[in-house]
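Note on naming: letters A, B, ... go to the chains in the order of the sequence lines (proteins, then strands), and numbering restarts at 1 for each one.
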There are 2 protein chains.
Amino acid sequence: MLKITRKVEYALIALRHMQEKEKDELTNAKEIAEQYAMPVELLAKTLQHLAREKIVEAVQGPHGGYRIKKCLEDINMKDFFEKMEGPLGIMDCYFDSDCTLLPMCNIRTPIQRINESMRSMFENMSVGEITQ
Amino acid sequence: MLKITRKVEYALIALRHMQEKEKDELTNAKEIAEQYAMPVELLAKTLQHLAREKIVEAVQGPHGGYRIKKCLEDINMKDFFEKMEGPLGIMDCYFDSDCTLLPMCNIRTPIQRINESMRSMFENMSVGEITQ
DNA sequence: TTAACCCCGATCAATTTAATCGTAAATAGT
DNA sequence: ACTATTTACGATTAAATTGATCGGGGTTAA
């Protein structure tokens, strides 16, 4: 339980892979997908997402590819997770309020506390730390 | 992302509900289900699970029900989550190793670190804290 | 102008989670 | 002993989420 998604997993693996290269060197989706046995299309999507978030930069055309743009030490895991997968919380009620049992829920406040702990834990962790 | 399941949610709500009663008073599944608008069968199952784990005690027959058995301050959230939902980790590779990309995975060690942080965070949190 | 890339929405498949069903078994009250 | 009320639990179905694929675009170096 409390698992992250493949998309996030692929993103981290890809970032780490790119980080091991020279600063401006490009890596294309196919290369990463082959090396780590991932479905190309899905990884491509993930990389496109990273590009939209300005974490990597995409270069189109032949010999194109991706390279890291933002300093990974400057992105915390909480923001990273939320950019990739949306709100980070052990329950939805932390964010929206269309939960049917909200009005009579008796564990709302403690849940908020847990959420805060989890969020702050990931806030104090940088993506760079993970990808070295 | 990183959500807990309904089952755990129902369990916590039920425990808190029971904790607000007298020490030996019984509460039946129907009462809780109605009060918090949960599907009875599912909640019942959850309570049965709690009973198997010896966290609550079940009394059968008319006027039967459940009551808290174990001191909730003595159960940490990591164990509770794992009892209710199985292994707690942001990725499966922490526990088993039939992940296809394991051999070439480049983020295994950092993932382990994150897992440890998460596990220890929940280990330092008691169920009693959550249910007051 | 073609081949090798990125871009992106739409759809389909697989997995996981949630809910329901059906049948036991226990027991208090009568 | 019978009945109503309750827990016990595996099996099944339904819904939601996630993962993967498809198809049609753009861009640009050679």
Euclidean distance, atom CG of residue B:Leu43 to atom C1' of D:dA8 [Å, nearest integer]: 14 Å
Salt-bridge present (B:Arg119, B:Glu82; N to O < 4.0 Å): yes
Between P of D:dG25 and NZ of A:Lys45, the distance in whole Å: 17 Å
Atom pair CD1/SG of A:Ile55 and A:Cys71 - distance to nearest 0.5 Å: 12.0 Å
A:Glu123 bridged to A:Lys78 by N-O distance under 4.0 Å: yes
Gap between atom CE of B:Met125 and atom CD1 of B:Ile130 - 0.5 Å precision: 6.0 Å
Short N-O contact, B:Lys45 and B:Glu41, less than 4.0 angstrom: no
Contact list for DNA chain D against residues 47-61 of chain A - heavy-atom distance below 4.0 Å: A:Gln60, A:Gly61
Closest non-hydrogen atom pair between A:Tyr66 and A:Ala44, with its separation: OH-O, 4.1 Å
Enclosure of A:Lys21 NZ (heavy-atom neighbours >12, cutoff 6.0 Å): yes
B:Lys83 versus B:His49, side-chain donor and acceptor atoms under 3.5 Å: no
Contacting residues from residues 10-42 of chain B, given that a heavy atom lies under 4.0 angstrom of DNA chain D: B:Asn28, B:Ala29
Closest heavy-atom pair and its distance - B:Glu73, B:Ser126: O-CB, 3.4 Å
DNA chain C: 5'-proximal contact among A:Ala44 and A:His63 (nearest heavy atom): A:His63
Span of DNA chain C, from the first to the last nucleotide whose atoms fall under 4.0 Å of chain A heavy atoms: C:dA3 to C:dA10
Side-chain donor-acceptor contact under 3.5 Å, A:Glu85 with A:Thr5: yes
First of A:Lys7 and A:Pro62 reached from the 5' end of DNA chain D, by closest nucleotide: A:Lys7
